[in-house]
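Counting begins at 1 with the first residue of the sequence. Keep in mind that what you see is a predicted model, and the values were worked out from it rather than measured.
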Amino acid sequence: MIARVQEEAIKIQDFLGKENGESGAVVTFTGVVRRFEGEKELSALYYEAQEIIAKEELGKILNEAKQIYKIKDALAIHRIGTLTPGEISLFVKVTSSHRKEGFEACQYIVDELKKRVPIWKKDIYKDGSGKWH
């Protein structure tokens, strides 16, 4: 299980294609900064976190997913700092015996992360204004 909160770019290729043959399914989710939030064009998103608490809570979520869905392994990496449209903000990977529990666990991890992990986001619009979420 890997739970990270980091400023560095997420290189998903570092985590793909390294399976040991024990899992029949690898499910991933990649969150990407979009160019528009509603009608307003974004120039960037700024992510801020209580890093130690965020990493701990993310680790708890991964362990819960492993217990609930009987998956083999999981990882979740969330970026912090300023990201521009097209950059990866979140990467989740789940390995499991079968696809169903892999998909369910991946969705659980993303949903719980959004609810529980202390990471905040500020939209920075092209017009210079901004909004915290």
Side-chain angles (χ1 to χ4, degrees):
M1 304 287 228
I2 297 172
R4 291 188 194 159
V5 176
Q6 65 186 44
E7 287 192 43
E8 300 81 24
I10 300 170
K11 298 175 184 168
I12 61 175
Q13 66 274 13
D14 292 348
F15 303 100
L16 298 175
K18 300 184 184 324
E19 306 314 317
N20 59 13
E22 292 183 22
S23 300
V26 177
V27 177
T28 65
F29 171 81
T30 305
V32 179
V33 176
R34 59 183 167 264
R35 185 160 309 282
F36 287 90
E37 181 61 40
E39 298 293 316
K40 296 191 89 169
E41 187 172 3
L42 292 167
S43 61
L45 290 179
Y46 175 74
Y47 288 97
E48 185 174 279
Q50 291 181 349
E51 290 182 57
I52 293 170
I53 297 169
K55 184 179 174 184
E56 288 174 0
E57 191 64 27
L58 193 49
K60 288 178 188 176
I61 292 167
L62 296 178
N63 284 320
E64 291 168 9
K66 188 171 185 179
Q67 291 175 3
I68 295 167
Y69 298 101
K70 308 296 186 232
I71 59 175
K72 303 286 186 188
D73 201 8
L75 71 86
I77 304 169
H78 201 299
R79 293 262 324 262
I80 55 173
T82 303
L83 285 74
T84 57
E87 287 191 83
I88 297 169
S89 59
L90 173 63
F91 180 66
V92 176
K93 175 184 169 187
V94 173
T95 56
S96 58
S97 294
H98 304 281
R99 69 182 178 275
K100 183 176 190 257
E101 58 264 22
F103 279 114
E104 289 173 348
C106 193
Q107 181 161 0
Y108 175 85
I109 292 165
V110 174
D111 290 348
E112 291 301 306
L113 180 154
K114 296 285 186 179
K115 290 183 218 171
R116 297 169 34 191
V117 177
I119 297 175
W120 302 275
K121 170 177 80 169
K122 182 179 184 181
D123 295 344
I124 302 169
Y125 303 110
K126 285 276 189 182
D127 66 10
S129 64
K131 179 182 176 185
W132 281 100
H133 296 269

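Applying the ring pair (Phe, Tyr, Trp, His ring centres under 6.0 Å) test to residues at least two apart or on different chains, none of the pairs has a partner in residues 14-37.
Pairing each heavy atom of Lys70 with each of Gln67, the nearest pair is NZ-O, 2.9 Å. Across Ala3 and Gly59, no two heavy atoms sit closer than the pair CB-N, 3.7 Å. Summarising the geometry of Thr82 relative to Arg79, their closest heavy-atom pair is O-NH2, 4.4 Å, with the distance given to 0.1 Å. Shown here for Leu58 and Ala76, the closest heavy-atom pair between the two residues is CD2-O, 3.6 Å. Taking each heavy atom of Ile10 and Ile77 in turn, the nearest pair found is CD1-O, 3.5 Å. Minimum interatomic distance between Ser43 and Thr84 (heavy atoms only, all atoms of both residues): O-CG2, 3.8 Å.
Both Leu90 and Ile80 are members of a single hydrophobic cluster when ILVMFWY side chains are connected at heavy-atom separations under 4.5 Å. Both Leu113 and Leu45 are part of a single hydrophobic cluster, where members link through side-chain heavy atoms under 4.5 Å apart. Taking hydrophobic clusters as Ile, Leu, Val, Met, Phe, Trp and Tyr residues chained together by side-chain heavy-atom distances below 4.5 Å, Val110 shares a cluster with Leu62.
With hydrogens and angles ignored, the 3.5 Å screen pairs no side-chain donor or acceptor of Asp123 with any backbone N or O of Gly130. At distances below 3.5 Å, not a single donor-acceptor pair connects side-chain atoms of Ser23 with backbone N or O atoms of Ala25.
Contact of the Ser97 side chain with the Lys72 side chain is registered, since non-hydrogen atoms from C-beta on lie closer than 4.5 Å. Side-chain atoms of Ser129 and Lys40, non-hydrogen and from C-beta on, do get closer than 4.5 Å to each other. Two residues are said to be in side-chain contact when any heavy atoms from C-beta on lie closer than 4.5 Å; Met1 and Asp73 meet this criterion. For the pair Ile109 and Tyr69, the minimum side-chain heavy-atom distance is 4.5 Å or more. Ile71 places none of its side-chain heavy atoms less than 4.5 Å from the side chain of Val27. At least one side-chain heavy atom of Ile88 sits under 4.5 Å from a side-chain heavy atom of Ile12. Counting only heavy atoms from C-beta outward, the side chains of Glu57 and Arg116 approach each other to under 4.5 Å.
A distance of 6.5 Å separates CG of Leu83 from OH of Tyr47, quoted to the nearest 0.5 Å. Rounded to the nearest 0.5 Å, atoms NZ (Lys55) and CZ (Arg4) are 8.0 Å apart. Summarising the geometry, atom CZ belonging to Phe91 is positioned 4.5 Å from atom CG belonging to Leu16; distances are rounded to the nearest 0.5 Å. Considering CD of Glu37 and OH of Tyr125, their distance stands at 6.0 Å, rounded to 0.5 Å. Summarising the geometry, atom CD belonging to Glu51 is positioned 9.0 Å from atom CD1 belonging to Ile119; distances are rounded to the nearest 0.5 Å. The CD1 atom of Ile68 sits 10.5 Å away from atom CD of Glu104, with the distance rounded to the nearest 0.5 Å.
Counted within 6.0 Å of CD on Gln107, heavy atoms from surrounding residues, nucleotides or ligands total 12 or fewer; the atom is thus considered open.
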* Could you walk me through whether Gln50 and Trp120 pass side-chain contact (heavy atoms from CB on, under 4.5 Å), step by step? => CA-CA 9 Å; Gln50 291 181 349; Trp120 302 275; 3.8 Å; yes
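For the residue pair Glu64 / Tyr108, a side-chain donor-acceptor distance below 3.5 Å is found, with atom types taken as modelled. Side-chain polar atoms of Ser89 and Lys121 form no donor-acceptor pair below 3.5 angstrom.
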